[in-house]
Participant: 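Sharing a structure below in structure tokens format, with a few things to ask.
As the structure is a computational prediction, the values presented were derived from the model and not from experiment. Sequence positions, counted from 1, serve as the residue numbers for this chain.
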Amino acid sequence: MTRQLAWVGLLLVLLAGLSLLLAARSDADTASPEVAVSAGASGIPTAGALTLQEGLDLRGQWRFRAGDEPAWATPGFDDSDWSTRAVPGRWPRGGFPESGQIGWYRLTVNVPVELVAASDFQLAVRIGKVISAYEFYAGGQLLGGVGGMPPLGQTVIDQERQYFVPPTAVDAQGNLVLALRVWGGEPTAVNAWGGGPHAGDFLLGEYRSLLYQGLLKELPGMMFFIVTLTFGIHHMVIYWRNRSLRVYLWFGLLALDIALYGLMLTQWKFLLGWPYLVLKKIEFTSIYVFPALALQMVWSLVDRKFPPALRVYQLSFVVFALSILPVPGLTVHFATLLSWQLATLPMFGFVPWMLWREVRAGNREARTLLPALALFLATCVNDILIDLANLETIRLMPFGFIAILASMSMSMITRFTRMFGALESEVEQRTSELREVNLQLVQMARVDHLTGVLNRRGFTEEAEEEVARMQRTGTGFSIVLTDVDFFKRFNDRHGHECGDHVLRRVADILKLRTRDIDQIGRWGGEEFILLLPETDAEGAAVLAEKLRIAVEENVFEFRGEQLSLTMTFGVAAFRLGDNLDTCIARADTALYHGKKDGRNKVMIGKYKGLSLVN
């Protein structure tokens, strides 16, 4: 069951990777639009009906001016002397402090008047992510915004919004003037992130079509969240059911952390209705504790003990994340992000070095994890450069997360398969040992512990099998019942230890003088019983006579005293119509008469009378 769950987990990781690939492809398609606008070109860009249905990409050069004048939103304002700035595109670090970190963007687009006036057409604009807040105007009308402009000054960096453009915003010639009043944020944020519209979609088109495109763009992110969340939960369940599997605990926590971070990168987080400050703190905390979880996961996976210095380094990330979490506002996060990034740099060196050393030592998990870690580190470098160098490119860290999860999943499968194989071998070995013990127990239950021959139960089982064989094949057998003459004297004169010695001696003589196929049992007390397959009464009597002589001639020493003994034998052949009890009864009758007639002799029990061998 656990192996199946591990494979399901790997499938979930691959699905998450596919989701991110779809998202990246979607971003790449948007990054290379068929229609782009440029306010610096001569004339006003014109959007046809078909273009509006598909969505006109508004990314390109917009008119820009730092400062703040309400008149800059009006359509009739002359912005020809303004400079141009790319949308999306970040402000330079430090922004425009002389204007209070406020700047205006303007773009004029020509749209078909008859299309805008149609009752079944709703013109809309989709505005991407802006640092740190903005207001959006169309035709001089304030349609909304994200965050709070000064003096409120509320930062909302990464929320995309879609606005319905009323027909009154378009003039009689079809000209639509779009304006963004942007606040770059607090100095700490501007120094760390820059300002202005920095990512996302900037589109003009039909309202429902833009809404549908936005939904499709966000679906891969939701799939990534669901897949990684499921992946983390099912590993936590495995750990909950078996607390000794600590590696599943760290794997599950790492996956949950990645899932949470992935959700914070999507627009779905705004559906939670939580304050943006809370959402952003969750995002920062999830990424700040990631190195600690990743270190624990890697060392657990390769089954190595944490060095003390590395433990301190690991705990520093946890303490760092928890200490700044309760600090009000996001300024502390913006100010410490670079410090956190620099603190992770040692990991880029010693973790690959450790894995490389483990690979050379033959560690299978390290061999699987090392390529994925290299890919993850490359994605980290990409995302750090986005923040440090204001690169306008796709964030690749989620792909690095997928690589880590996939490699760890494969390592977990390998580890589990190896554990399962070892467990199977151990179970097989234990089963074999248990089978051997059971055989020994069965044998002990069938064997007399004093003499080493079969006990009454064991002999009866063997005899019943011989009866069944005779009924199948018609081959007969004989029973010999014998006991030690005057056995009580040995116990009375020399003690029970001597009696036990006599019984062991007799058993040894009987085993030595009989065939391998013959069965010998201790019938009770000093009585022994023999089963002689494929032997008639006369043959059994001959063997019994040889045994009698061997016992009589045997002299043994007990505590310095020479002792001898004799035995009396009763013989009976098993015939059709008999059962085991009747055959033994005839042998017992013969033994009784042999002891009555002087002992130390062999008697054959027949249907009519008895026969004396000697």
Side-chain angles (χ1 to χ4, degrees), residues 9 13 16-17 20 158 221 224-225 227-229 231-233 235-236 246-266 269 278-302 306 310-325 330 332-334 336-352 354-355 369-370 372-388 395-409 411-412:
V13 170
L20 289 178
D158 50 5
F224 173 77
F225 167 70
V227 167
T228 51
L229 179 67
F231 193 75
I233 290 175
H235 279 80
M236 294 294 289
R246 296 295 295 275
V247 67
Y248 283 86
L249 168 64
W250 301 116
F251 200 9
L253 289 175
L254 184 65
L256 293 177
D257 183 70
I258 292 173
L260 192 60
Y261 176 71
L263 178 64
M264 294 300 106
L265 295 181
T266 69
K269 64 184 178 184
V278 174
L279 297 175
K280 205 63 179 176
K281 281 186 173 292
I282 292 175
E283 177 185 338
F284 273 103
T285 303
S286 64
I287 195 172
Y288 280 179
V289 300
F290 174 80
L293 293 174
L295 286 172
Q296 186 68 50
M297 180 64 227
V298 170
W299 257 257
S300 298
L301 201 59
V302 298
F306 250 75
L310 184 61
R311 181 67 73 187
V312 173
Y313 179 71
Q314 177 200 32
L315 293 178
S316 67
F317 286 102
V318 179
V319 173
F320 179 75
L322 296 180
S323 62
I324 66 174
L325 180 62
L330 295 175
V332 64
H333 296 281
F334 297 146
T336 57
L337 180 61
L338 178 60
S339 300
W340 175 85
Q341 292 171 336
L342 294 176
T344 61
L345 291 180
M347 292 178 54
F348 293 7
F350 67 79
V351 174
M354 185 276 295
L355 288 178
L369 188 57
L370 183 59
L373 181 65
L375 178 61
F376 173 73
L377 295 180
T379 63
C380 289
V381 171
N382 174 83
D383 287 16
I384 290 174
L385 289 177
I386 290 178
D387 297 329
L388 297 181
R395 289 190 177 271
L396 300 178
M397 192 175 292
F399 293 97
F401 287 152
I402 288 295
I404 292 291
L405 286 178
S407 67
M408 289 183 176
S409 180
S411 296
M412 297 284 278

Participant: From the options Ile258, Leu263, Leu260, Leu256, select the one residue that forms a side chain to side chain contact (heavy atoms under 4.5 Å, CB included) with Leu229.
Facilitator: Leu256
Participant: Hey, which of Leu295, Leu310, Val298 is the one that makes side chain to side chain contact (heavy atoms under 4.5 Å, CB included) with Met347?
Facilitator: Leu295
Participant: Would you compute the distance between atom CZ of Phe290 and atom CG of Leu293 and round it to the nearest 0.5 angstrom?
Facilitator: 8.0 Å
Participant: In Å and rounded to the nearest 0.5 Å, what is the CG to CZ distance from Leu254 to Phe231?
Facilitator: 9.5 Å
Participant: Are Met354 and Val302 packed together at the side-chain level, in the sense that at least one heavy-atom pair is separated by less than 4.5 angstrom?
Facilitator: yes
Participant: Identify the heavy atoms of Ala292 and Val318 that sit nearest to each other, and give their distance.
Facilitator: CB-CG2, 3.7 Å
Participant: Minimum heavy-atom separation for Pro291 and Thr344, please, with both atom names.
Facilitator: CG-CG2, 4.0 Å
Participant: Taking all non-hydrogen atoms of both residues into account, name the closest pair between Ala255 and Gly232 and its distance.
Facilitator: CB-CA, 3.5 Å
Participant: If we check ring-ring contact (aromatic ring centres under 6.0 Å, His included) with Tyr288, which of these qualifies: Trp340, Phe317, Tyr261?
Facilitator: Trp340
Participant: Using the side-chain contact (heavy atoms from CB on, under 4.5 Å) rule, take Met297 and Val247 through it: C-alpha gap first, then chi angles, then the decisive distance, then the call.
Facilitator: CA-CA 7 Å; Met297 180 64 227; Val247 67; 3.5 Å; yes
Participant: What's the spacing between Leu375 CG and Leu370 CG if we round to 0.5 Å?
Facilitator: 11.5 Å
Participant: How long is the span from the CG atom in Leu330 to the CD1 atom in Ile324, to the nearest 0.5 Å?
Facilitator: 10.0 Å
Participant: Does the side chain of Phe320 come within less than 4.5 Å of Thr336's, by heavy atoms?
Facilitator: yes
Participant: Quick one: side chain to side chain donor-acceptor pair (under 3.5 Å) partners of Arg311, sequence neighbours excluded?
Facilitator: Gln296, Gln314
Participant: Holding to ring pair (Phe, Tyr, Trp, His ring centres under 6.0 Å), I want the full list of residues that pass it with Trp299, two or more places apart in sequence or in another chain.
Facilitator: Phe306
Participant: Mind listing the closest non-hydrogen atom pair of Glu283 and Asp158 along with its distance?
Facilitator: OE1-OD2, 4.1 Å
Participant: Measuring from Ile282:CD1 to Lys269:NZ, what's the distance to the nearest 0.5 Å?
Facilitator: 9.5 Å
